Amino acid sequence: MNIISVIQEGVINAVKAVYGADIDSKQVSMNVTRKEFEGDYTVVVFPFSKIARKKPEAIAEDLGKHIVEHVAEISDFNVIKGFLNLSIGSEFWSEFLNAATVDPDFGIHPSNGKKVMVEFSSPNTNKPLHLGHIRNILLGWSCSKILQAAGYEVIKTQIVNNRGIAICKSMLSWKKFANGATPENSGIKGDRMVGDYYVMFTKKYEEEYLSWQQTEKAIEVYNEKKKEGQEKEAFFKGYKNDYFNEYSELGKEAKEMLLKWENNDPDTLELWKTMNSWVLEGFDKTYAKLGVDFDKLYFESDTYLLGKEIIEKGLEKGILTKEDKRVFIDLETKGLGRKTVIKSDGTSTYTSQDLGTAQLRWNDYGTEKMVYVVGDEQISHFQGVFEILKKLGEPYADGLYHLAYGMVDLPTGRMKTREGTVVDADDLIAEVIEESRQNAKERGELHEMSKEEQEEIIRNIGLAALKFFIIKVHPKKRMTFNPKESVDLQGQTGPYVQNAYVRIQSILRKAAGKADLEKSKLYKDYESLEKDLLNQIYQYPALVKSAAEDYDPSSIANYCYNIAKTFHKFYHDHSILKAESEEAKAFRLKLAKMVGRVLKAAMSLLGIEMPERM
Ligand code: ARG
């Protein structure tokens, strides 16, 4: 049963009967009727002007009359400015509600036999996860869930960037300054500990650089390399990377360490393995807090040399160009300049690594789509990677998609910690849970429960606040995460949506065993808010599909907010348990229960759980 097709067919038949013309369903353009007008669906009749040789107003009248007479589902029509607004009758809605109520898979599409891989999080192993990762993870997770509900088989993956000079910096710093500290003996979470030593490396390096600037060598370099009239300060600011490579003691040691690593030096590998395992354990704890997991991990240490074959192929086909040892692709015509694939010293790059990893994933899973959830600062990187694979005619190239998302800021002044690093994911999670605790205290609804139950609900609400606030923003938009606002029960928030669900559950508990839901079928005169709710439930399955096609979880979040809002309003305007008749009560209970089900299902696509009480 699909009301859209029913209406389309009705319009086609009406055009045939009234004007004797044949049209097909593509010519019938329809929208959900705007709030301010009466009706459920609006048909655009302008395209039939030629056929009918009449003004839109008259056409809409003709078709409306015919449709109401011939289509059982449509009970009424009106015409506004040449648009035909159709109202769906109560029988249709009643049947729909009954069918949806007994369909355990409402909103879940059957398998479409297609596979998609979603890559998200993909951190580097020298720092803990931060606020940006949270947005990434939430987007990746919700897209995975939505794609699954839309009928795809989904493989959730990451690339863990666990090698390279940055990783060696944290290793070297630990070796020099940690005195054997471990997460176990210090009680510090593994990723945080490694991150702290990375920060310490940066600090020590700064100090080293500053004192070097006083040396004769430094003055010599300055005099030789400065631009016309350039002050010392400005020069040394710009010379930092060169210093690392040319003169720095710490830089030299870090580079030596990387070389040792690449040559499989046992001690270096041992240290690397140990520190990596600390970080990964730490990450896992954060993932567990957020309620996410992965099906398969790829590690850069296994994949960084894999691009070679593809690059050979690219050179043979003339897609890539080699100058000395450097290999690049010319994307000048695409406005992307030249992209280096292999560096002039013959070593691999971020690009070559991604080429190899894509190939490996395709060999492993053969997914027709691969979605990369990565920040929008890497748009041009992925354009390069995808372009090379396309030009090579790789069978999976057309299914590659970079889901680029915007930065997340915190309210002014709080973007970064004192050390200049961005805010840790763990700290932020703790903060929203604390906000949620304060709110719960003020509301005072939970005091009858055990401490554990209270804690569980507080955590649940805090996480819902965090997740919803971030997911409701379209992925492409930059945003500010405001912890205080996110928990506000009156705002456009996760807790607001949860509250609608909790309200419904409380009504259902009160009504349990006291109403005969069968009587709902006798209820006919729907209130307009009841129709709104039916309409919103009705739209859900199609929304899941379009959210999957557009990789847009924000559309689901906004849907949840809207239906929760309609429900709150409905609850305010109409009584459910004390409805005017037994029929109305039965219908409203059924409707409320279905709203609750859809809310729970839709929020779970966003990785948000619903509490029974709050
Ligand atoms: N680890 C990288 C970073 O933190 C992101 C990796 C994105 N994924 C990829 N396939 N390149 O910037």
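Values in this document were obtained by computation on a predicted structure and should not be read as measured data. Read the numbers this way: they start at 1 and go in the same order the structure lists the ligands and their atoms.
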Could you walk me through whether R437 and E455 pass salt bridge (Lys or Arg N to Asp or Glu O under 4.0 Å), step by step? CA-CA 8 Å; R437 180 170 294 114; E455 266 315 297; 2.7 Å; yes
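Every atom of ligand 1 with a heavy atom of Y350 under 4.0 Å away is listed here by number and element: 2 (C), 5 (C), 6 (C), 7 (C), 8 (N), 9 (C), 11 (N). Heavy-atom proximity to Y372, at under 4.0 Å, picks out these atoms of ligand 1: 10 (N). Against a heavy-atom cut-off of under 4.0 Å, E119 is close to the following atoms of ligand 1: 7 (C), 8 (N), 9 (C), 10 (N). Close contacts of ligand 1 with N124, meaning ligand atoms under 4.0 Å from a residue heavy atom, involve 1 (N), 2 (C), 3 (C), 4 (O). Short contacts between ligand 1 and I159, defined as distances under 4.0 Å to a heavy atom of the residue, involve ligand atoms 8 (N), 9 (C), 10 (N).
Protein heavy atom nearest atom 12 (O) of ligand 1, with residue, atom name and distance: Q378 NE2, 3.1 Å. Annotation: atom 2 (C) of ligand 1 to nearest protein heavy atom, N161 OD1, 3.3 Å.
Residue Q158 places no heavy atom under 4.0 Å from ligand 1.
Ring orientation note: the planes of F386 and F382 are tilted relative to one another, at an angle of 30° to 60°. Between W212 and F236, the ring-plane angle classifies as perpendicular under the 30° and 60° cut-offs.
Counting only distance, with no hydrogens or angles, the side chain of S142 and the backbone of L138 share a donor-acceptor pair below 3.5 Å. Looking only at distances, no side-chain donor or acceptor of N460 sits under 3.5 Å from a matching main-chain atom of E456. Proximity of a side-chain donor or acceptor of E368 to a complementary backbone N or O of K115 within less than 3.5 Å is detected.
Only the side chain of F382 comes within 4.0 Å of ligand 1, counting heavy atoms alone; its backbone N, CA, C and O stay farther away.
For the side chain to side chain contact (heavy atoms under 4.5 Å, CB included) with W272, the qualifying choice from T125, N162, D267 is N162, the only one to do so.
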